[in-house]
Amino acid sequence: MRRTFRLFASVKPARYLDPGAPTGLTGLLTHGSPRSTLLYLYSSTLEKLNAVPEHSLYRQSVEALTKHRMSIVESAVAPGYPEWAERARKLVTEHPEKFHIYQSGRVDGTRAMRIESGGQVFVVRHLPKDVDEREEEWDGEINEGPELEGPRTREERASQALIAERRDLKDLEQIEWEAEPQLTADQISELENKIGAGLIEEVIQVAEGENQLVDTMIQAKVWENLEEPPAEGQWVYFERKA
């Protein structure tokens, strides 16, 4: 039942899933670029795990599962991906200033971040969310109407002069970023079957949660001994008997 929409998608001539379309699970929409998203999350998780001692069972288990799933995702390559990756790599190399963290020069709120993780380079884009002011909670600020006309004080004129500083038009030059080629519906279905953890969107949710959990586990130093040693036989009940 949960793959009904996937089967319908495979009937289309293009055999591609529509980003944002329903997946069959409430509140879960079709992801636009699951492959690159998973590779970024897995690389970030593995990099964070370097802060955990190698003898930690937590690191060993998460590292093994993450590497296993990462290898599965890497094996799926969208049609035209190698050529696109080469063009993207060339664009980032020629315009490194456009891919600084939290700097994109866009007036629409779009941000582009260039992140190196696990020996790979990722360009992470943050698109602004559409905000309806009618749904926003009032912060208590009183609307005093438009600003008054007339002469300004010296302090006000000084601040306005800073805003009106000339800016080189080259700083506002836009970079056309070509969208990453999508995996076909058959490739997505094959990934889901190999990973065996539900839809690819569910796999992404798990990867996001694990990536955030690593920070908490490192902060708690879960590999260290308990301050109060457990009583003898306290965990016997939970042991698996052969």
Side-chain angles (χ1 to χ4, degrees), residues 2 19 23-77 92 99-104 111-129 180 183 187-188 190-242:
R2 62 186 177 85
T23 61
L25 298 179
T26 303
L28 192 62
L29 302 179
T30 300
H31 200 282
S33 53
R35 183 181 187 273
S36 57
T37 300
L38 284 173
L39 291 179
Y40 168 68
L41 290 171
Y42 290 151
S43 298
S44 177
T45 299
L46 292 174
E47 188 172 7
K48 290 180 179 180
L49 285 174
N50 291 330
V52 181
E54 293 183 0
H55 63 77
S56 171
L57 293 178
Y58 168 72
R59 171 176 175 173
Q60 295 174 8
S61 59
V62 175
E63 204 169 46
L65 179 62
T66 302
K67 288 182 177 179
H68 171 67
R69 292 189 173 182
M70 189 174 185
S71 63
I72 295 177
V73 175
E74 286 178 333
S75 64
V77 180
V92 174
F99 299 94
H100 287 176
I101 295 180
Y102 300 121
Q103 288 186 349
S104 63
R111 299 181 300 175
M113 301 195 317
R114 179 176 181 271
I115 299 177
E116 296 185 9
S117 177
Q120 301 184 61
V121 177
F122 298 92
V123 175
V124 182
R125 299 177 65 200
H126 292 271
L127 302 178
K129 296 182 179 180
E180 176 185 355
L183 295 173
Q187 289 178 308
I188 294 292
E190 184 179 358
L191 278 178
E192 292 171 346
N193 292 330
K194 288 183 177 180
I195 295 176
L199 299 181
I200 198 70
E201 288 78 12
E202 294 179 279
V203 177
I204 291 176
Q205 288 183 333
V206 172
E208 291 173 339
E210 192 67 64
N211 185 263
Q212 297 174 1
L213 180 61
V214 174
D215 296 327
T216 303
M217 301 297 269
I218 292 176
Q219 184 179 3
K221 299 181 179 180
V222 295
W223 57 87
E224 294 184 350
N225 295 327
L226 298 176
E227 294 183 0
E228 297 183 6
E232 184 178 356
Q234 179 174 345
W235 308 114
V236 173
Y237 177 81
F238 299 98
E239 290 181 355
R240 176 181 295 180
K241 298 180 181 180

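Starting from 1, each residue takes its place in the sequence as its number.
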Practice item. Name all residues meeting the side chain to side chain donor-acceptor pair (under 3.5 Å) criterion together with K67; count only those two or more places apart in sequence or in a different chain, and write none if there are none. Key: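 Not a single residue meets the side chain to side chain donor-acceptor pair (under 3.5 Å) criterion with K67.
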Qualifying residues under side chain to side chain contact (heavy atoms under 4.5 Å, CB included), relative to [X], sequence neighbours excluded:
{"X": "P53", "result": "H55, W223"}
{"X": "V77", "result": "R35, Y81, P82"}
{"X": "I204", "result": "H31, P34, T37, L38, L41, E208"}
{"X": "L29", "result": "none"}

Is there a side-chain contact between [X] and [Y] (heavy atoms, below 4.5 Å)?
{"X": "Y58", "Y": "V214", "result": "yes"}
{"X": "L28", "Y": "Q205", "result": "yes"}
{"X": "L57", "Y": "Q60", "result": "yes"}
{"X": "E47", "Y": "S43", "result": "no"}

Kindly compute the distance separating [atom1] ([X]) from [atom2] ([Y]), expressed to the nearest 0.5 Å.
{"X": "T45", "Y": "N50", "atom1": "OG1", "atom2": "CG", "value": "11.5 Å"}
{"X": "M70", "Y": "L65", "atom1": "CE", "atom2": "CG", "value": "13.0 Å"}
{"X": "K194", "Y": "S71", "atom1": "NZ", "atom2": "OG", "value": "9.0 Å"}
{"X": "M217", "Y": "S56", "atom1": "CE", "atom2": "OG", "value": "7.5 Å"}

Of the non-hydrogen atoms in [X] and [Y], which two are nearest, and what is the gap between them?
{"X": "I218", "Y": "A51", "result": "CD1-CB, 3.9 Å"}
{"X": "K48", "Y": "D215", "result": "NZ-OD2, 3.0 Å"}
{"X": "T23", "Y": "T30", "result": "CG2-N, 3.4 Å"}
{"X": "G32", "Y": "P19", "result": "CA-CB, 3.7 Å"}
{"X": "A197", "Y": "E202", "result": "O-CB, 4.0 Å"}

Can you tell me if CD on E224 sees more than 12 non-hydrogen neighbours from other groups inside 6.0 Å?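 Counting other residues, nucleotides and ligands, CD of E224 exceeds 12 neighbours.
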| message | Given L183, which partner from the list I200, I188, V73 fulfils the side chain to side chain contact (heavy atoms under 4.5 Å, CB included) test? | response |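 Only one of I200, I188, V73 forms a side chain to side chain contact (heavy atoms under 4.5 Å, CB included) with L183, namely I188.
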(Q) The criterion is salt bridge (charged side-chain N to carboxylate O under 4.0 Å, His left out); which residues satisfy it with E63, sequence neighbours excluded? (A)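 Listed in chain order: R59.
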Any residue meeting salt bridge (charged side-chain N to carboxylate O under 4.0 Å, His left out) with K221, in chain and number order, not counting sequence neighbours: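 None.
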inquiry  = Less than 3.5 Å apart, any donor N or O on the side chain of S36 or E180 sitting next to an acceptor on the other?
reply    =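 Yes.
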